[in-house]
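Because only heavy atoms are used, hydrogens play no part in the values below, and waters and symmetry mates are left out as well, while side chains stay in.
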Amino acid sequence: MAEVRNKRVVLRNYVVGFPKESDMKIVEGRVKLKVPEGFDKVLVKNLYLSCDPIMRVLMIKMDFIDEYHHYTPDAPLTGYGVSKVLESGHPDYKKGDLVWGITKWEEYSFISPSQICFKIEHTDVPLSYYTGILGMPGMTAYAGFFEIGSPKKGENVFVSAASGAVGQLVGQFAKLTGCYVVGSAGSKEKVDLLKNKLGFDEAFNYKEEPDLDAALKRYFPEGIDIYFENVGGKTLDAVLPNMRLHSRIPVCGMISQYNLAEPEGVTNLAHLIFKRIKMEGFIVNDFYHSYSKFLEFVLPHIREGKVVYVEDIVEGLENGPTALVGLFSGRNVGKQVVVVARE
């Protein structure tokens with residue numbers, strides 16, 4: 001049986017504050033490309049890895065998030081990825097299958113069938129899309145916007161972190177629904193992307209707005225019906241007074257808070273009461289039962305060019321730590337993907 005090098009990215013120690021590349025290290029081991037007899041796991045070659053903000057949360061020693069496995073020092077990071085099955089000890093998978101789900105940040109992994117979300121059936125689109133628009137971020141945008149946001153034609157939608165993996169899709173789904181959409185992002189390049197490629201009606205650079213409340217009143221003089229929350233903190237506090245009666249806030253993430261020793265307070269929560277605002281957090285895992293319905297919705301739009309997806313791709317597992325840390329300074333433009341191997 002073949003034994004090959006297996007490069008991996010491991011966590012040095014639990015992270016406090018802003019993550020650094022030095023919090024991770026590249027190590028090399030060896031792996032036998034053979035599933036041991038009686039072993040029901042699946043041996044995969046990892047092709048594309050997804051950089052996601054939730055990975056920062058998993059670097060903290062915490063006990064309250066049951067849906068995810070926290071990282072431990074000297075073990076490989078784990079996250080969403082696209083992989084090719086090399087050998088399987090489970091009858092549902094065979095050599096040559098392409099899958100996406102949870103895998104390790106290494107070249108080759110043994111994963112359990114429960115970590116595989118879905119087999120990849122549609123290969124007429126880029127495989128990397130299964131880390132983004134056709135994977136967890138796409139399903140997150142779809143479930144959060146349609147299931148929790150309950151949009152109606154003509155409504156006003158605000159998306160924070162709008163050029164990111166999820167936000168760029170929420171904006172496009174909102175436009176397909178006939179909504180007015182404004183996004184916020186952290187650079188002129190990203191604002192231009194939102195308006196000129198992704199079809200947002202308006203967009204602004206939050207770093208150039210000294211008064212977020214005034215900015216929101218400028219773009220939403222009649223108020224906001226749906227706020228897709230990716231950021232939290234001061235942005236959420238500014239949004240709440242600008243929400244309309246019976247508006248909705250799907251809470252997807254709070255990336256502004258993940259690196260703070262003490263989370264920022266929110267002072268405008270009383271608006272939830274007076275305006276009867278529905279604010280609901282969600283985890284994408286709860287919606288994977290709708291994945292086939294999601295594919296039926298999104299694949300035709302991709303093929304017809306009605307929905308586009310922007311990726312920021314880096315080559316090589318060794319560049320994974322740089323790509324991951326860059327999420328928290330806004331260095332990436334679009335969905336951040338690490339290419340381990342292309343086939």
Assign the ring pair H289 / F287 to parallel, tilted or perpendicular, where the plane angle (0 to 90°) is split at 30° and 60°.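 Rings of H289 and F287: parallel, under 30°.
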In terms of the angle between their ring planes, are F158 and F204 parallel, tilted or perpendicular, with boundaries placed at 30° and 60°?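 F158 vs F204 ring planes: parallel.
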Is there a side-chain contact between [X] and [Y], using heavy atoms and a 4.5 Å cut-off?
X	Y	answer
L49	T131	no
T78	T103	no
V191	F200	no
L43	L33	yes
K34	E87	yes
V159	V182	no
M254	V251	yes
L198	V308	yes

side-chain contact (heavy atoms from CB on, under 4.5 Å) between L240 and L272, intermediate numbers included: CA-CA 8 Å; L240 287 168; L272 295 173; 4.0 Å; yes
NZ of K94: more than 12 outside heavy atoms within 6.0 angstrom?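 It does not: K94 NZ has 12 such atoms or fewer within range.
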Atom CD of E304 with >12 non-hydrogen neighbours under 6.0 angstrom: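 Counting neighbours around CD of E304, more than 12 heavy atoms of other residues, nucleotides or ligands fall under 6.0 Å, so yes.
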Any salt bridge linking [X] with [Y]? Criterion: basic side-chain nitrogen under 4.0 Å from a carboxylate oxygen.
X	Y	answer
D225	K152	no
K278	E280	yes
R5	E107	yes
E311	K335	no
D23	R12	no
D211	K217	no
D237	K234	no
E155	R248	yes
K45	E106	no

Using a 3.5 Å distance criterion without hydrogens, assess whether the side chain of [X] forms a donor-acceptor pair with backbone atoms of [Y].
X	Y	result
T177	F173	yes
R30	E3	yes
T140	M136	yes
Q257	E264	yes
K306	V298	no
D312	V333	yes
Q115	S112	yes
K190	A162	no
N46	K104	yes
R244	N242	no

side-chain contact (heavy atoms from CB on, under 4.5 Å) evaluation trace for R342 with Y48: CA-CA 8 Å; R342 291 192 177 269; Y48 299 92; 3.5 Å; yes
For the residue pair S187 / N205, report whether a side-chain donor-acceptor contact shorter than 3.5 Å exists.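 Their side chains do not contain a donor-acceptor pair, so the 3.5 Å distance test is not met.
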If only side-chain N and O atoms count, and only distance matters, is there a donor-acceptor pair under 3.5 Å linking E21 with T322?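 Present: a donor and an acceptor within the cut-off.
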Worked verdict on Y142 versus S290 for side chain to side chain donor-acceptor pair (under 3.5 Å): CA-CA 10 Å; Y142 178 81; S290 299; over 6 Å; no
Passes salt bridge (Lys or Arg N to Asp or Glu O under 4.0 Å), K119 versus D92? Steps please. CA-CA 10 Å; K119 284 185 188 179; D92 288 351; over 6 Å; no
When rounded to the nearest 0.5 angstrom, what is the spacing between [atom1] in [X] and [atom2] in [Y]?
X	Y	atom1	atom2	answer
L194	S163	CG	OG	5.5 Å
H90	I116	NE2	CD1	8.5 Å
S247	Y227	OG	OH	12.5 Å
S109	N6	OG	CG	6.5 Å

Answer yes if [X] and [Y] sit in the same cluster of Ile, Leu, Val, Met, Phe, Trp and Tyr residues linked by side chain heavy atoms under 4.5 Å apart, and no otherwise.
X	Y	result
W100	V85	no
Y130	Y93	no
Y258	F18	yes
W105	V99	no
V10	V31	no

Give me the atom names and distance for the closest heavy-atom approach of [X] to [Y].
X	Y	result
Y80	C117	CE2-SG, 4.0 Å
F294	L134	CE2-CA, 4.3 Å
D52	P137	OD1-CG, 4.4 Å
G138	L169	CA-CD1, 3.6 Å
L317	P321	O-CD, 3.9 Å

So N196 and L193, side-chain contact (heavy atoms from CB on, under 4.5 Å) or not? Walk me through it. CA-CA 5 Å; N196 300 325; L193 179 72; over 6 Å; no
Candidate pair E208 and Y206, rule side-chain contact (heavy atoms from CB on, under 4.5 Å), full reasoning: CA-CA 5 Å; E208 295 179 349; Y206 68 89; over 6 Å; no
Would you please indicate if the ring centroids of [X] and [Y] are separated by under 6.0 Å?
X	Y	result
Y14	Y71	no
Y291	F118	yes
F146	F297	yes

From CA spacing to verdict: salt bridge (Lys or Arg N to Asp or Glu O under 4.0 Å), K25, D74: CA-CA 9 Å; K25 61 182 177 181; D74 296 318; 3.6 Å; yes
